[in-house]
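Notes to accompany the following structure.
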Amino acid sequence: MKLVATIVGSTSQLSATHGFISARKSLAVLFVATSARAFSSSGVIGTRRINNVFGHRRIASQNGIISDRAGSVSSLSYIIANTRGGASSSSSSSPFSRNIQRFSTTTTTETAADNSDVATTQISTMTAAEKLAAMRSSMVESGVDVYLVPSDDPHLSEYVPAAYMRRGYLTDFHGSAGTAVVTMDKAYLWTDSRYFNEATLRLDSDHWDLMKQGQPKVPTINKFLSDLAVTHYQTNSKPLKVGIDAYVHSASFARDLNTAFEDAANDMEVDSATNGSDVDGGNVPVVAEIDTLDGKPNIVDSTWEGRPPLPLNPFRVHPMKYAGMTVADKVSKIRSEMREKRATLTVFSALDDIAYLFNVRCMGDVETCSVGIAYATISHDQVTLYCDDEKVAPETVAEHLKSADVTVQPYSNIVSDIQSHLSSNTKKNKVWLDNSRSNYALSRVVPESNLIDAQNPVTPMKACKNPAEMEGMRRAHIVDGAAMANFMAWLEHEIVVEGRSVSEVEVDEVLTGYRAKQPGFKEVSFPTIAGVGSNGAIVHYRAAEGSELLQYLDKTKPILIDSGGQYEYGTTDVTRTWYFGDDPSEEFVDMYTRVLKGNIGVDTMIFPENTPGFVLDVFARKALWEAGKDYGHGTGHGVGAGLNVHEGPHSISPRWANKEVLKEGMVTSNEPGFYDDGNYGIRIENLLEIVDVDNNNKEEKANGGEPPAKKQKTEGKTFLKFERLTMIPIQKNLINLDIMTNAELDWLDAYHEEVLKKVAPLLEEGTPAMKWLVKSCEKIGRKA
């Protein structure tokens with residue numbers, strides 16, 4: 001076997017590679033602020049005005065991240081000590097209280113949960129040049145030519161604790177997806193189409209090159225590094241040393257990168273043979289080495305002054321009335337699947353998998369996600385949770401885990417325990433570990449002959465909600481509808497009646513404040529996106545007080561609001577685009593209508609079970625394609641039940657790589673959009689649950705039969721459809737009736753009738769919210 005790339009790193013030193021800064025106090029809020037230099041030093045970003053279909057608007061920048069660990073609505077009050085309005089107060093005759101408590105995902109302060117310890121992450125005082133110079137100095141000391149900085153934490157989370165926001169600190173780009181690659185003379189950031197606009201605004205272009213992932217002539221990271229390795233070897237006659245932190249890269253990434261180096265070396269050998277030259281005496285050379293730098297801290301940490309500590313917030317028990325399945329039953333089901341695969345140990349790394357498995361939730365560890373930092377394993381005779389002591393300190397949590405026969409071990413023991421399990425019976429013991437969802441530090445201690453690399457058994461269990469979970473999701477969306485009705489009545493009054501200009505930050509604060517009044521509210525389910533005008537075209541925009549990008553909503557500009565709530569019983573995610581003026585352009589109305597048609601196209605689909613999500617994506621884009629338009633993001637993602645707002649394994653996307661099939665009980669978003677950079681953004685998003693088309697026959701199916709008529713019609717296939725969870729009206733006066741079909745207008749009327757029926761009982765008769773809801777749910781006028 002020819003060695004063409006090597007991975008350097010001792011498994012015996014794994015426990016020392018974290019580089020964690022531990023805090024013994026439980027932090028409720030961790031704030032990471034974006035460096036002001038990201039918006040000024042490059043000379044690209046400044047205050048400027050752009051003419052477009054909605055008049056003039058201001059472009060600038062944004063920052064701010066907050067999370068909390070409050071356990072009830074009332075305890076949310078510490079998030080913001082005092083109200084931060086975006087404009088002057090309305091008149092005293094307003095039907096809305098100006099004293100409404102506001103909460104925000106854009107605040108620039110932080111508070112410790114116990115008021116005895118505060119950890120502050122200061123705005124960076126280092127320029128991009130200074131950070132990179134410090135990085136390169138550390139790279140030289142560590143003996144590496146390239147260093148990779150991903151977005152991930154050790155659990156490969158989409159949203160990560162502030163302590164792991166290394167890529168955000170280094171680049172000043174804080175989108176949820178992206179990887180930085182630093183060489184000795186260049187620095188690159190790869191990110192996907194959701195963030196092209198934002199990354200362009202945030203990166204210091206004098207020092208960073210934006211690599212637009214998936215675009216023509218833009219290589220993948222693996223292709224880029226393998227080409228660089230060949231060039232480096234040909235120039236220096238030695239391997240390229242690529243440094244990574246094994247804990248924050250997936251096992252599959254390390255494997256694929258090594259394969260890319262191998263392929264590049266083989267190609268170089270072929271090319272050399274073709275040219276009549278001899279490479280390394282005819283042997284395939286080692287063109288690159290992956291060095292995990294075991295025993296050394298992550299290189300970014302050596303330059304990061306004031307790095308936040310690792311949070312240690314406690315778990316809380318997720319009640320059975322919402323969980324719907326005991327820990328013991330989940331473990332029993334997992335062990336049954338382990339026996340089928342002949343696995344003796346299953347390892348869980350993803351934080352939402354662990355929260356689901358043990359029926360626990362946590363606030364404050366990961367912003368807006370109800371999960372806590374931990375690992376878990378299940379063998380045939382033991383269930384182990386690996387976490388810090390603070391996680392299980394509450395008596396209710398300790399008793400809950402004890403009753404489920406769960407053993408608690410220190411967080412840092414996970415690697416050594418996997419090794420011990422394997423060493424106890426090297427030939428027979430098999431470890432079930434999903435390489436795509438586990439970090440490389442865990443995977444590399446499992447020999448290939450002992451590894452079962454497959455989707456772990458919790459993932460599909462979690463994706464298909466049980467009846468209790470689904471009922472909680474339905475309830476969450478109804479109360480969310482009540483919150484939105486109150487908010488929209490307030491916003492419409494401020495803009496149309498009072499004639500105020502309302503800042504994006506105030507929109508965020510007031511909306512979150514209305515959600516916080518709903519029973520069971522915990523926190524927002526992701527940082528609110530409130531983008532006025534051109535900011536609506538930044539797909540994951542985030543407003544911040546004092547930012548140059550901050551805009552104000554009035555009657556001349558639209559606003560895109562993408563927001564959601566984490567309730568004790570469910571998770572919501574909804575996007576609407578609103579415009580309060582009387583003169584939207586024909587182009588805006590046309591695009592808005594085509595986005596709506598795409599939403600309806602997916603919503604009304606009937607499809608056989610086991611259909612992959614990508615099959616449905618075309619129905620979301622059809623109306624836009626007919627106008628020569630499209631959008632760069634996927635159409636739908638899974639959503640957790642009181643868990644992460646983005647949940648796998650399924651999706652609705654044009655990317656065919658995800659072949660996960662859609663099943664009854666799954667929840668998915670439906671969110672087509674259109675974005676005109678520099679002008680506006682449009683997105684209409686509902687969450688949907690997947691149900692059997694013939695719900696009336698569920699009981700007969702459960703008893704093992706299928707109605708003869710249905711069996712004849714489908715030849716044994718089960719057909720599925722969507723039912724709507726989101727209960728929030730869609731603005732009707734932005735719709736071009738000329739391109740809507742009667743069936744689509746019927747759908748809109750039926751949807752609004754359902755919204756009114758479910759949400760109205762939560763509102764008081766005669767209130768502004770009730771009046772707004774009734775008006776918004778009226779049947780749409782039709783042409784004669």
Side-chain angles (χ1 to χ4, degrees), residues 1-9 132 135-136 139-140 142-152 156 167 171 177-192 208-246 248-275 277-293 299 435-436 439-441 443-444 448 453 655 657:
M1 182 175 181
K2 297 179 180 178
L3 179 65
V4 295
T6 61
I7 299 179
V8 180
L132 289 170
M135 274 282 295
R136 288 170 179 137
M139 288 165 61
V140 171
S142 299
V144 296
D145 305 300
V146 182
Y147 197 73
L148 308 188
V149 186
S151 307
D152 298 305
L156 309 184
R167 190 261 299 148
T171 65
T179 299
V181 177
V182 179
T183 70
M184 297 310 297
D185 58 358
K186 297 280 287 183
Y188 307 86
L189 173 76
W190 270 260
T191 192
D192 62 48
W208 286 94
D209 289 343
L210 175 60
M211 307 296 281
K212 296 184 176 181
Q213 193 172 302
Q215 297 299 294
K217 298 183 180 179
V218 177
T220 64
I221 292 176
N222 288 357
K223 173 63 175 171
F224 173 86
L225 290 175
S226 58
D227 288 347
L228 183 65
V230 169
T231 301
H232 183 274
Y233 185 86
Q234 291 172 333
T235 303
N236 301 287
S237 299
K238 61 181 181 180
L240 181 77
K241 296 290 185 70
V242 179
I244 68 170
D245 180 341
V248 295
H249 288 275
S250 71
S252 57
F253 173 81
R255 177 197 62 206
D256 293 345
L257 181 57
N258 196 46
T259 299
F261 289 150
E262 180 180 341
D263 292 343
N266 282 321
D267 289 344
M268 188 174 74
E269 181 186 34
V270 171
D271 290 343
S272 299
T274 302
N275 294 331
S277 61
D278 180 47
V279 178
D280 197 22
N283 294 321
V284 179
V286 177
V287 299
E289 292 180 350
I290 298 175
D291 192 340
T292 54
L293 302 176
I299 285 181
N435 270 339
S436 67
N439 67 52
Y440 181 50
S443 175
R444 66 177 174 174
E448 189 171 347
D453 180 10
R655 297 169 182 84

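Just so you know, these numbers come straight off a predicted model, no measurement behind them.
Within the 4.5 Å cutoff, no side-chain heavy atoms of R136 are placed close to those of V140. Counting only heavy atoms from C-beta outward, the side chains of V230 and D267 never approach each other to under 4.5 Å. Side chains of M211 and P219 form a contact here, defined as non-hydrogen atoms less than 4.5 Å apart. Within the 4.5 Å cutoff, no side-chain heavy atoms of Y233 are placed close to those of V286. Side-chain contact check for T220 versus W190: every heavy-atom pair is 4.5 Å or farther apart. Side-chain contact between M135 and I299 is present, with heavy atoms from C-beta onward closer than 4.5 Å.
The nearest pair of heavy atoms linking V287 to A265 is CG1-CB, 3.8 Å. Heavy atoms only, all atoms of each residue included: V182 and W208 are closest at CG2-CH2, 4.0 Å. The two residues D209 and K186 come nearest to each other via the heavy atoms OD2-NZ, 2.9 Å. Closest approach of L156 to S250, counting heavy atoms only: CD1-CB, 3.6 Å. Pairing each heavy atom of L189 with each of A180, the nearest pair is CD1-N, 4.2 Å.
A parallel orientation is assigned to the rings of H249 and F253, their planes being inclined by less than 30° (bins at 30° and 60°).
With sequence neighbours excluded, the residues forming a salt bridge (Lys or Arg N to Asp or Glu O under 4.0 Å) with D192 are R194, listed by chain and number.
Panel note: side chain S151, backbone G178; a donor-acceptor pair is recorded below 3.5 Å. Remark: the backbone N or O of A441 is paired with a side-chain donor or acceptor of N439 at under 3.5 angstrom.
Inspection of the R444 and T292 side chains reveals an N or O donor paired with an N or O acceptor under 3.5 Å.
Considering CG of N258 and CD1 of I290, their distance stands at 5.0 Å, rounded to 0.5 Å. With rounding to the nearest 0.5 Å, the separation of CG in N435 from OG in S443 is 3.5 Å. Expressed to the nearest 0.5 Å, how far CG of L228 lies from CD1 of I221 amounts to 12.5 Å. Atom OG of S252 and atom CG of L257 lie 11.0 Å apart (nearest 0.5 Å). Note that CG of D256 and CD of E262 are 12.0 Å apart. Values are rounded to the nearest 0.5 Å. Atom CG in D145 sits 10.5 Å away from atom CG in D185 (nearest 0.5 Å).
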Verdict with reasoning, T183 to H232, per side-chain contact (heavy atoms from CB on, under 4.5 Å): CA-CA 12 Å; T183 70; H232 183 274; over 6 Å; no
